[in-house]
Amino acid sequence: MTEHAIKAFGNANFTSLSGSSVPRESTAEYVEYRRCWLENPAGFILRDFPMHLDIEITNRCNLRCTFCDKLPLLTKDQMGDMEMELFKKIIDEGEEGKLWGVKLSYRGEPLLHPQVVEMVAYAKSKGVLDIYMNTNGMLLSEDMSLRLMDAGLDRISVSVDGTDPVSFERERRGAKYDRILKNIEKLMALRGERGYPNPKVRVQTVRLPGLDMEDYTRFWSSRCDEVGAVDFKEVIERNIDIVRDDWACPQLWQRMTIEWDGTIMACNNDDFRLLSPGNVRTRTVLSSWQDPLVKEAREHHRAGRSHEVAACKGCPWRTTQIVKLLK
């Protein structure tokens, strides 16, 4: 390891371009959650239970985006919705472990799940502070917006790349730009009419080459709480090593991912499930968080040897962050 300090950033791949969609709660617990989210990875401080879980309630999607690198590879029998009882099992354990946040999406479109509103309400009833989801916005109707609001959704992020309807619909096949725009504007209006502080609304884009970020921010900043950009992943083959011994991935100290069928992953970029300690149907989240396989990965990252972890070697997210540091 070099003499430099290890770099582990809480949200290294995301840039807020205006405002913030993170609810500014006054409770001491919420303040502690946001502090730990940033500071724990940097100091390699491991909480007894994950701070956050990405729970993939469905991997089905109503769009066929040209740039999607996950869903087109799945067969029909590899797609499905998480059962409500399995979701409750996860959330119930989270209540015991003082789980702070959940995101009800990974792959797929969460609003396709017939019980998505009930899932939000159940998580809120069990004390989850920050309930969040990513959506493409097509199914964010007035009725759905009202139901999610009443259920206690804290944040929602709508993916809208750019401001040009033609290019947007060409890349996001099946999407209708005007409908998504109206859905976002209606959600914001309904929230104001109801006097609810949440859900906070973020509109975000992948930071694509050629996209004018100033124009994008200017257009969307008056239509939502926050405009954001996610890094465009560097396209580098997995078998190519890129070494930066003062970098560590924050996810290993923050969160875990659970797919719709219960598969547990230590990282939401582990496409080949190389850091999967098992399935939540047969083991707990807690035991998975403390699994020797995951512990070993943390030790490699802490020692500046993330490139020696099979799941991390050539990971596009890891590569993107290191390329940023090398510039």
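Computed from a predicted model, the values in this text were never measured in an experiment.
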(request) Decide yes or no on side-chain hydrogen bond (donor to acceptor under 3.5 Å, both in side chains) for Trp317 and Gln251, but give the supporting numbers first. (result) CA-CA 11 Å; Trp317 190 87; Gln251 290 199 29; over 6 Å; no
(message) I'd like to know whether Phe49 forms a ring-ring contact (aromatic ring centres under 6.0 Å, His included) with Trp289, so could you lay out the CA-CA distance, the side-chain angles of the two residues, the decisive distance to 0.1 Å, and finally the verdict.
(response) CA-CA 7 Å; Phe49 196 85; Trp289 182 242; 7.7 Å; no
(request) Show your reasoning for whether side-chain hydrogen bond (donor to acceptor under 3.5 Å, both in side chains) applies to Glu142 and Ser145. (result) CA-CA 5 Å; Glu142 179 174 344; Ser145 293; over 6 Å; no
(request) Assess whether side-chain hydrogen bond (donor to acceptor under 3.5 Å, both in side chains) is satisfied between Asn279 and Asp261, documenting all intermediate values. (result) CA-CA 8 Å; Asn279 194 293; Asp261 63 356; 4.6 Å; no
(request) Step by step, work out the side-chain hydrogen bond (donor to acceptor under 3.5 Å, both in side chains) result for Ser141 and Asp143. (result) CA-CA 5 Å; Ser141 64; Asp143 178 66; 5.1 Å; no
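A salt bridge links Arg35 with Glu32: the distance from a Lys NZ or Arg NE/NH1/NH2 to an Asp or Glu carboxylate oxygen falls below 4.0 Å. Ion pairing between a basic and an acidic side chain is recognised when a charged N comes within 4.0 Å of a carboxylate O; Arg273 and Glu259 show such pairing. By the 4.0 Å N-to-carboxylate-O rule, Arg60 lies too far from Glu109 to be salt-bridged with it. The residues Lys126 and Glu93 are annotated as not salt-bridged, no charged nitrogen and carboxylate oxygen being separated by less than 4.0 angstrom. Between Glu308 and Lys313, none of the side-chain N atoms (NZ, or NE/NH1/NH2) sits under 4.0 Å from a carboxylate O, so this pair counts as no salt bridge. Between Asp150 and Arg194 there is a salt bridge, with a side-chain nitrogen of the basic residue lying less than 4.0 Å from a carboxylate oxygen of the acidic one.
Ring orientation note: the planes of Tyr33 and Tyr30 are nearly perpendicular, at an angle over 60° on the 30°/60° scale. The aromatic rings of Trp37 and His52 sit perpendicular to each other, their planes meeting at more than 60°, with 30° as the lower class boundary.
Using a 4.5 Å heavy-atom threshold, the side chains of Tyr106 and Met265 count as touching. With a 4.5 Å cut-off on side-chain heavy atoms, Leu111 and Met133 count as touching. Counting heavy atoms from C-beta on, the side chains of Asn198 and Leu153 never come closer than 4.5 Å. At a threshold of 4.5 Å between non-hydrogen side-chain atoms, the residues Arg172 and Tyr177 do not count as touching. Taking 4.5 Å as the limit, every side-chain heavy atom of Arg302 sits out of range of all side-chain heavy atoms of Leu252. The shortest side-chain heavy-atom distance between Pro50 and Val285 falls under the 4.5 Å cut-off. You'll find the side chain of Val230 reaches within 4.5 Å of the side chain of Gln204, heavy atoms only. Arg191 places a side-chain heavy atom less than 4.5 Å from the side chain of Lys200.
In the displayed structure, Lys176 atom NZ is contacted under 6.0 Å by at most 12 heavy atoms of other residues, nucleotides or ligands. No more than 12 heavy atoms of other residues, nucleotides or ligands sit less than 6.0 Å from atom CZ of Arg173. When the shell of 6.0 Å around NZ of Lys124 is examined, it contains more than 12 heavy atoms from other residues, nucleotides or ligands. Around the NZ atom of Lys89, the shell of radius 6.0 Å holds more than 12 heavy atoms that belong to other residues, nucleotides or ligands. With a 6.0 Å radius and a threshold of 12 heavy atoms from other residues, nucleotides or ligands, Asp48 has its CG atom at or below the threshold.
One finds the CG atom of Leu99 at 11.0 Å from the CE atom of Met51 (value rounded to the nearest 0.5 Å). In this structure, CD1 on Ile55 lies 11.5 Å from NZ on Lys103, to the nearest 0.5 angstrom. Distance NZ/Lys182 to CD1/Ile184: 13.0 Å, rounded to 0.5 Å. Of the inter-residue distances, the one linking Leu46 atom CG with Arg298 atom CZ reads 4.5 Å to the nearest 0.5 angstrom. Taking CH2 of Trp260 as the start and CD of Gln78 as the end, the distance is 9.0 Å to the nearest 0.5 Å. Put simply, CZ on Arg107 and CG on Asn268 are 11.0 Å apart, with the number rounded to the nearest 0.5 Å.
One N or O on the side chain of His301 and one on the backbone of Cys249 form a donor-acceptor pair closer than 3.5 Å. Between the side chain of Ser287 and the main chain of Arg283, no donor-acceptor pair closer than 3.5 Å is present. For the pair His113 (side chain) and Met82 (backbone), a donor-acceptor distance under 3.5 Å is present. With Asp54 contributing its side chain and Arg255 its backbone, the two residues share no donor-acceptor pair below 3.5 Å. In this structure a side-chain-to-backbone donor-acceptor pair under 3.5 Å is present from Asp270 to Leu275. For the pair Ser105 (side chain) and Asn134 (backbone), a donor-acceptor distance under 3.5 Å is present. In this structure a side-chain-to-backbone donor-acceptor pair under 3.5 Å is present from Arg64 to Cys61.
For the side-chain contact (heavy atoms from CB on, under 4.5 Å) with Val203, the qualifying choice from Leu17, Asp225, Val160, Ile156 is Val160, the only one to do so.
Closest of all the heavy-atom pairs between Leu104 and Pro110 is O-CB, 3.2 Å.
In summary, the side chains of Asp81 and Thr58 do present a donor paired with an acceptor at a separation below 3.5 Å, with no hydrogens or angles considered. Judged purely by distance below 3.5 Å, without hydrogens or angles, the side chains of Asp291 and Ser288 never pair a donor atom with an acceptor atom.
A cation-pi arrangement is absent between Arg170 and Phe168, since the terminal nitrogen or guanidinium carbon is not both under 6.0 Å from the aromatic centre and inside a 45° cone about the axis. The side-chain tip of Arg155 points at the ring of Tyr132 from less than 6.0 angstrom away and within 45° of straight on.
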